[in-house]
Structures are given as structure tokens and as C-alpha cells.
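One structure is given here, and the rest of the page talks about it.
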Amino acid sequence: MYGPLNCFYDEETAQYIIVWASTIPFRFPKGTEEENNNHRLYYTTTKDFNSFSDPKLFYDAGFSEIDAVIVQQSKGKYVLVLKDNTRPNRNIKVAFAEHALGPYSPASEPFTGILPKAPPLPKQATTG
């Protein structure tokens, strides 16, 4: 697992979605990254933090991605903020969906420079 776990409460399904980045060597086509740095986003869900769903692939943008955060813009409009971790890119992109669990659109073009840290999102950005 790489980096922080990100937790989002999905009111639509009344459960928490926990997202993280991890590598599974040779599972995805090798891009510019080594196998131990070819991250994809995975998730599990829970209603009570005592029992959890089996982990599943959350998002595969076709490149190494990390530091994902789900933001609800409004009812039925979700944004996935993620970091493209490939060299030399290493910038922030977004994808969109109608449900917190997706499916999400292809990632946007970057809107930051190279090497940013994942941005903290203000509370009002998550409340629509």
C-alpha cells in the first residue's frame, strides 16, 4: 500500500468507502514505472468499521495513480481527485462519476505542475 487511506461517507449507499493505492506486480501493463511503482486505486466499504467488503479495483486510469480523494459536488455528481504518479508527469488530475463508487470517466489533463502533494480539500468542497 502507498500513502494514506482516504475515507468518504457515501450517503447514497449509507456506507464508508475507503480508497488506497497499491501495486500488484504484473497485473497491469507496464508503463514507464517499475512494477513496484505501478499503482492502481483499490477500495473496500464498511458501515461500522467492524466488517469490511472484499477489496476491489476502484480506478484504473492506465497509469500509476495515487493519493485519490472522492468529492461530492452535488447529488449525483462526484469528482475523483488523483495524482498521476508516472515520471515525469507526477501531477493532479480529476475524473467524474454519477455515483461515489463510479464508474469514473477517463482522467482529465493535469491542472497542476509537476511534483505537487495531494491537495487538502476544504470541507465545503465535500458538501456541495
Side-chain angles (χ1 to χ4, degrees):
M1 182 179 78
Y2 172 85
L5 298 173
N6 290 291
C7 186
F8 175 82
Y9 182 72
D10 183 12
E11 291 182 8
E12 182 180 323
T13 59
Q15 64 185 354
Y16 293 92
I17 303 168
I18 303 167
V19 178
W20 69 92
S22 190
T23 61
I24 300 177
F26 309 104
R27 179 170 180 189
F28 297 99
K30 186 175 182 306
T32 59
E33 298 302 311
E34 295 297 324
E35 287 299 326
N36 65 353
N37 197 40
N38 195 13
H39 296 85
R40 294 301 186 275
L41 301 176
Y42 294 87
Y43 79 98
T44 186
T45 59
T46 184
K47 291 181 184 269
D48 58 12
F49 290 90
N50 290 310
S51 60
F52 297 86
S53 67
D54 289 337
K56 295 180 183 168
L57 182 66
F58 183 73
Y59 188 70
D60 175 13
F63 52 78
S64 179
E65 66 248 11
I66 61 173
D67 298 341
V69 177
I70 301 168
V71 179
Q72 183 175 8
Q73 282 187 310
S74 61
K75 185 173 175 76
K77 291 186 179 182
Y78 296 86
V79 181
L80 179 64
V81 182
L82 63 125
K83 183 174 180 181
D84 178 344
N85 192 47
T86 58
R87 278 101 174 128
N89 297 338
R90 299 174 72 183
N91 45 38
I92 306 294
K93 299 178 178 183
V94 293
F96 302 93
E98 295 178 4
H99 304 280
L101 283 174
Y104 283 86
S105 67
S108 70
E109 291 299 313
F111 61 90
T112 64
I114 296 172
L115 294 176
K117 291 291 185 186
L121 298 173
K123 176 115 176 94
Q124 62 267 26
T126 64
T127 59

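In this chain, residues are counted from 1 in sequence order.
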Can you tell me how far [atom2] of [Y] sits from [atom1] of [X], rounded to the nearest 0.5 angstrom?
X	Y	atom1	atom2	answer
Tyr42	Tyr59	OH	OH	14.5 Å
Thr45	Ile18	OG1	CD1	8.5 Å
His39	Ser22	NE2	OG	6.5 Å
Lys77	Gln72	NZ	CD	11.5 Å

What pair of heavy atoms forms the shortest contact from [X] to [Y], and how long is it?
X	Y	value
Lys47	Gln15	CG-CB, 3.9 Å
Phe52	Thr44	CB-OG1, 3.6 Å
Ile66	Leu41	CA-CD2, 4.3 Å
Asp84	Thr86	OD1-OG1, 2.6 Å
Asn6	Ala68	ND2-O, 2.7 Å
Tyr78	Glu98	CE1-O, 3.4 Å

Inset, instruction - Would you mind listing every salt bridge (charged side-chain N to carboxylate O under 4.0 Å, His left out) that reaches into residues 99-108, with sequence neighbours excluded? - result: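 Matches after skipping sequence neighbours: none remain.
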Inset, instruction - Could you tell me whether the side chain of Lys93 reaches within less than 4.5 Å of the side chain of Glu109, counting heavy atoms only? - result: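 No, their side chains stay 4.5 Å or more apart.
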Legend entry - Phe58 and Ile70, any side-chain heavy atoms less than 4.5 Å apart: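 Yes, their side chains come closer than 4.5 Å.
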Legend entry - Centroid separation Tyr9 to Tyr16 less than 6.0 Å: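 Yes: the rings meet the under 6.0 Å criterion.
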Inset, instruction - May I ask you to decide if Ser64's main-chain N or O and Asn85's side chain share a donor-acceptor pair within less than 3.5 Å? - result: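 Pair absent, no side-chain N/O of Asn85 close to backbone of Ser64.
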Only distances under 3.5 Å count here; give the side-chain donor-acceptor pairs of residues 99-108 to other protein atoms, sequence neighbours excluded, each with its distance to 0.1 Å.
from: His99; atom 1: ND1; to: Glu12; atom 2: OE1; distance (Å): 3.4
from: His99; atom 1: ND1; to: Glu12; atom 2: OE2; distance (Å): 2.6
from: Tyr104; atom 1: OH; to: Ala100; atom 2: O; distance (Å): 2.8
from: Ser105; atom 1: OG; to: Phe96; atom 2: N; distance (Å): 2.9
from: Ser108; atom 1: OG; to: Val94; atom 2: N; distance (Å): 3.0
from: Ser108; atom 1: OG; to: Val94; atom 2: O; distance (Å): 3.4

